[in-house]
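Down below is the structure, laid out as structure tokens.
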2 protein chains.
Amino acid sequence: MKKTASVAAFPAPGHDHDRCATDAIAHAESLCVARAQRLTPIRRRVLEALLATHKPLGAYEIIERMGGKAAERPAPITIYRALEFLRENGLVHRIESRNAFIACIHKHASGDPVVFLLCERCGAVGEAASASIAETLKSASRAAGFTPKTPVIEIAGICSHCREG
Amino acid sequence: MKKTASVAAFPAPGHDHDRCATDAIAHAESLCVARAQRLTPIRRRVLEALLATHKPLGAYEIIERMGGKAAERPAPITIYRALEFLRENGLVHRIESRNAFIACIHKHASGDPVVFLLCERCGAVGEAASASIAETLKSASRAAGFTPKTPVIEIAGICSHCREG
DNA sequence: AAATATATGTTGCACTGCAACAAAAAGAGC
DNA sequence: GCTCTTTTTGTTGCAGTGCAACATATATTT
Ligand SMILES: [Zn+2]
Ligand SMILES: [Zn+2]
Ligand SMILES: [Zn+2]
Ligand SMILES: [Zn+2]
């Protein structure tokens, strides 16, 4: 009984996260090259800050984690601009129910509907892409005479590692 | 082919909105009586302000719409406390992707998953309750080892009235 | 009436998100 | 190289969100 590709990963506590982050950066670089987009140092540092954890981070938290002396830290607007760029390129998601951001560690097409699983205990966020959910939602909204764009789906709960551990 | 009850209404521009609001207030009153909860004047005014429109309102917008002279207007914290009460009793929803609030004009059980349809043109918000969506989401999150609570589902798009009109 | 619980007012602050303009850096054409 | 143009980043400032902590008022209970 193999897992389907449609249901995806909640990050396991013991996973190889260095690899996880390195891969994501590599993917971001190649994607930006392919699109002739510029992954500038600031944008890269914001992405790296987000990739350091699987928890969603707010703007100030990102600033703190970008390191450097307090005086050298970028202003919030700089972070938001970088986040805008990263989101446009599908490298970062916004978690609406938290007013926070998280790096995408998948390679789904931008505009793809994604289900976010937010663990209330450990704070980690998993992504589950499901074609069936997308279809159900689209047909339901069309039944209401609605022309849908990308849905926002966020589910709070308890992840398996927190429940069992 | 009749419409199923599972797919619900986007508020039509010409609907009897006085009735719409009056009914909701009446429902709120009876519900609060039944639960021995106190629908105080402030809580009622906040609910009425939200019921005046089917667009989600932020805290400051609610304050403005509550009327009275500027000096007499309640502080934001007062609004948030009223909203907390109203949300706990299922009378108001928070639209996460907008940091705003909307009165519930349905009578679904609290904890019921609701799909919000956000029209990007007219700003109105419809609610669509769908058991099938709830089931699909639950099974998908369980497949990821996740114990879900109430999901947040918000779909931006264009409503039928804006598209056809 | 007094004690208790609930609700509202007051003050203050941390954080979100972005507009408007200024300066710097990168890229393109000569 | 050097100028022109576009893109990116810095600076200042502001409207809005959301709530903590404490004071006061109002309702409920005994
Ligand atoms: Zn990881
Ligand atoms: Zn967890
Ligand atoms: Zn109405
Ligand atoms: Zn519309």
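Numbered from 1 within each chain, the chains take letters A, B, ... in sequence-line order.
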Rounded to whole Å, please give me the gap between CZ in B:R35 and C1' in C:dT6. 18 Å

Considering every strand and a 4.0 Å limit on heavy-atom distances, what is the contact class for A:R94: base, sugar-phosphate, or nothing? sugar-phosphate

B:R98 CZ - C:dC18 P separation (whole Å): 12 Å

Closest to side chain of B:R38, choosing from C:dT16, C:dA26, C:dT6: C:dT6

Between the side chain of A:R65 and the main-chain N/O of A:A49, is any donor-acceptor distance below 3.5 Å? no

Whole-Å distance between C:dC18 C1' and A:I77 CD1? 5 Å

Under the side-chain hydrogen bond (donor to acceptor under 3.5 Å, both in side chains) rule, collect the residues that match up with B:E84, sequence neighbours excluded. none

Do the side chains of A:I133 and B:I133 join up, straight or via other hydrophobic residues, at under 4.5 Å, putting them in one cluster? yes

Can you measure B:I42 atom CD1 to C:dT10 atom C1' for me and round it to whole angstrom units? 13 Å

Starting at CD of A:E84 and ending at C1' of C:dC18, how long is that distance when rounded to a whole Å? 10 Å

Spell out, as yes or no, whether a donor-acceptor pair under 3.5 Å connects the side chain of A:H17 to the backbone of A:L51. yes

Please check this pair: side chain of A:E154 against backbone of A:E96, looking for a donor-acceptor N/O pair closer than 3.5 Å. yes

What integer distance in Å separates B:M66:CE from C:dG9:C1'? 13 Å

From the 5' end of DNA chain D to its 3' end, which nucleotides mark the outer limits of contact with chain B, defined by a 4.0 Å heavy-atom distance cut-off (strictly under)? D:dG16 to D:dA27

A:Y80 vs C:dG17: side-chain N/O to OP1/OP2 distance below 4.0 Å: yes

At less than 4.0 Å, is any side-chain N or O atom of B:R43 found next to OP1 or OP2 of C:dT8? Yes or no. yes

How close do B:R163 and B:I158 get, counting heavy atoms only, and between which atoms? N-CG2, 3.9 Å

Nucleotide C:dC15, atom P - distance to CZ of A:R65 in whole Å: 14 Å

Tell me what B:F101 touches on the nucleic acid: a base, only sugar-phosphate, or nothing, going by heavy atoms under 4.0 Å. sugar-phosphate

Taking the six-membered ring for Trp, are the ring centroids of B:H15 and B:H161 within less than 6.0 Å of each other? no

Can you tell me how far C1' of C:dT10 sits from CD1 of B:I63, to the nearest Å? 14 Å

